[in-house]
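Read through the structure below, which is laid out as structure tokens, and then see the notes.
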Amino acid sequence: MGLGRGQSPLLMALVPLLTCLQTGMSLEHISYVPQLSSATLGGRLTQSTFTLEQPRGQFSHPSISDSDAIWLVVAHSNATQKFMAPQKVEDTPVPADFPQGGYYLTLRASRALYPGGQPSNQLWVLRVGNDTRCSPRTRGCNHPLPGPGPYRVKFLVMSDRGPTAETEWSSETRLQQAEVLQAAPGPQTAGTVVIIAILSVLLAILLAALLTLLIFTWYDTCGSTPISGPGELVFVRKYDTHHMSRPSAVGAS
């Protein structure tokens with residue numbers, strides 16, 4: 001009440017900052033560490049995806065409502081320290097921001113999808129990077145991961161007023177990498193060269209033999225065929241076989 005008029009704009013500018021600090025201080029911590037799925041699960045780690053266990057029964061806190069959105073934060077391992085929870089859904093980072101920002105939000109869900117009491121005969125997992133059809137600029141897109149990592153993830157709960165709760169960061173996850181075929185050093189390389197040289201010589205001999213056979217066949221066929229010009233006449237002498245006689249000769253005898 002004793003502040004002058006010149007100080008009012010300063011206080012007005014500090015109000016949003018104080019509001020953000022209050023929101024950040026009220027962010028509830030959930031003592032849950034995201035885990036990779038069982039090692040026996042097929043496709044647990046690929047070159048662009050990894051599979052997490054669902055955080056079932058981890059969001060039953062009174063401060064979390066059924067309408068709150070539960071996001072999965074995917075980050076480069078070296079970008080977790082600079083992560084800042086978005087204050088509005090419109091500010092949610094997308095996979096296209098991943099190369100520059102180092103993190104993005106995906107797999108939006110609600111706590112109704114993560115109830116407690118997992119049945120023993122069902123498998124509840126989350127496959128990160130499994131959607132190849134969505135655009136990386138779409139909010140919540142579960143786009144394939146761009147490289148081997150390492151990656152770390154955590155769950156973030158957001159209401160209409162901003163973030164309300166978060167879990168701990170997971171341990172580092174590295175994806176599979178494509179194996180590069182390399183030539184074996186030493187004597188194996190020399191032996192390979194010798195084998196290739198022998199096969200090349202055998203192939204050359206086979207081609208030469210085939211070519212020789214074709215030439216010989218062509219020469220034999222052309223040499224045994226009589227060739228005559230179009231104007232030449234061929235006379236064939238008419239003769240009778242010795243066991244046949246003319247009728248006139250039979251009557252004369």
Side-chain angles (χ1 to χ4, degrees), residues 20 23-24 27-28 30 32-38 41-56 58-59 64-115 122-178:
C20 292
T23 303
L27 193 63
E28 184 176 356
I30 302 175
Y32 172 76
V33 180
Q35 301 288 335
L36 287 176
S37 61
S38 173
L41 178 66
R44 176 172 175 259
L45 291 173
T46 67
Q47 296 181 18
S48 60
T49 66
F50 61 90
T51 305
L52 298 172
E53 293 182 354
Q54 288 192 9
R56 301 182 63 82
Q58 300 298 326
F59 305 103
I64 302 176
S65 65
D66 293 337
S67 60
D68 292 344
I70 303 176
W71 294 90
L72 178 70
V73 183
V74 182
H76 285 299
S77 181
N78 57 1
T80 56
Q81 298 297 328
K82 66 177 182 179
F83 171 74
M84 295 181 61
Q87 300 302 311
K88 298 182 298 183
V89 177
E90 293 76 11
D91 300 332
T92 301
V94 296
D97 302 326
F98 195 34
Q100 291 76 24
Y103 57 86
Y104 67 96
L105 274 63
T106 185
L107 293 176
R108 177 177 178 174
S110 63
R111 71 176 182 178
L113 298 177
Y114 301 138
Q122 295 186 16
L123 183 64
W124 301 91
V125 295
L126 295 174
R127 191 176 294 275
V128 183
N130 195 41
D131 193 352
T132 60
R133 297 171 298 179
C134 64
S135 169
R137 298 189 178 277
T138 303
R139 186 180 302 114
C141 174
N142 189 22
H143 197 264
L145 297 168
Y151 302 101
R152 298 179 70 184
V153 298
K154 73 175 180 180
F155 291 93
L156 176 68
V157 183
M158 293 186 61
S159 66
D160 296 337
R161 299 181 304 274
T164 59
E166 65 178 355
T167 67
E168 298 180 5
W169 287 104
S170 68
S171 58
E172 291 185 348
T173 298
R174 296 180 181 272
L175 303 182
Q176 294 181 355
Q177 300 185 41

Can a side-chain donor-acceptor contact be found between Arg127 and Thr51 if the only test is distance below 3.5 angstrom?
yes
Please report the closest heavy-atom contact between Pro150 and Arg174, naming both atoms and the distance.
CD-NH1, 3.6 Å
Would you call the rings of His76 and Tyr151 parallel, tilted or perpendicular if under 30° counts as parallel and over 60° as perpendicular?
parallel
Can you see which heavy atom on Ser37 is nearest to which on Glu53, and at what distance?
CA-CG, 3.7 Å
Under a 4.5 Å cut-off applied to non-hydrogen side-chain atoms, are Asp97 and Tyr104 in contact?
no
Residue pair Pro144 / Thr132, side-chain heavy-atom distance below 4.5 Å:
yes
Contact check, side chains of Arg152 and Ser77, non-hydrogen atoms, under 4.5 Å:
yes
Interatomic distance, Thr92 atom OG1 to Gln87 atom CD [nearest 0.5 angstrom]
10.5 Å
Would you name the heavy atoms of Asp68 and Ser159 that are closest together and state the gap between them?
OD1-CB, 3.2 Å
Looking at every heavy atom in both Gly140 and Trp71, which two are closest together, and how far apart are they?
CA-CZ3, 3.7 Å
Any side-chain to backbone donor/acceptor pair from Gln54 onto Val125? Under 3.5 Å, distance only.
yes
Decide if atom CD of Gln81 counts as having more than 12 heavy atoms of other residues, nucleotides or ligands within a radius under 6.0 Å.
no
Atom pair CG/OG1 of Leu36 and Thr173 - distance to nearest 0.5 Å
4.0 Å
Once you round to the nearest 0.5 Å, how far does CZ of Phe83 lie from NZ of Lys154?
5.0 Å
Correct closest heavy-atom pair for Gln177 and Gln47 would be C-NE2, 4.4 Å
I'd like to check Pro34 versus Thr167 (side-chain heavy atoms, cut-off strictly below 4.5 Å). Are they in contact?
yes
Backbone of Asn130 reached by a side-chain donor or acceptor of Thr49 within 3.5 Å
no
Arg139 side chain to Val89 main-chain N or O, any donor-acceptor pair under 3.5 Å?
yes
Just by distance, do the side chain of Arg137 and the backbone of Val94 share a donor-acceptor pair under 3.5 Å?
no
Does Thr46 form a side chain to side chain contact (heavy atoms under 4.5 Å, CB included) with Leu175? I'd like the steps, not just the answer.
CA-CA 6 Å; Thr46 67; Leu175 303 182; 5.9 Å; no
OG1 (Thr164) and CG (Leu156) are apart, to the nearest 0.5 Å, by 7.5 Å
If you round to the nearest 0.5 Å, how far is NE2 of His143 from SG of Cys141?
5.5 Å
Using a 4.5 Å cut-off on heavy atoms from C-beta on, say whether the side chain of Trp169 contacts that of Val73.
yes
Side chain of Arg111, backbone of Phe59: donor and acceptor closer than 3.5 Å?
yes
Rounded to the nearest 0.5 Å, how far does CG of Leu113 lie from CG of Leu107?
11.0 Å
Contact between Leu52 and Leu72 at the side-chain level, heavy atoms closer than 4.5 Å - yes or no?
yes
So which atom in Pro86 and which in Asp91 form the shortest heavy-atom distance, rounded to 0.1 Å?
CB-O, 3.7 Å
Please answer whether the main-chain N or O of Tyr114 pairs with a side-chain N or O of Arg56 as donor and acceptor at a distance below 3.5 Å.
no
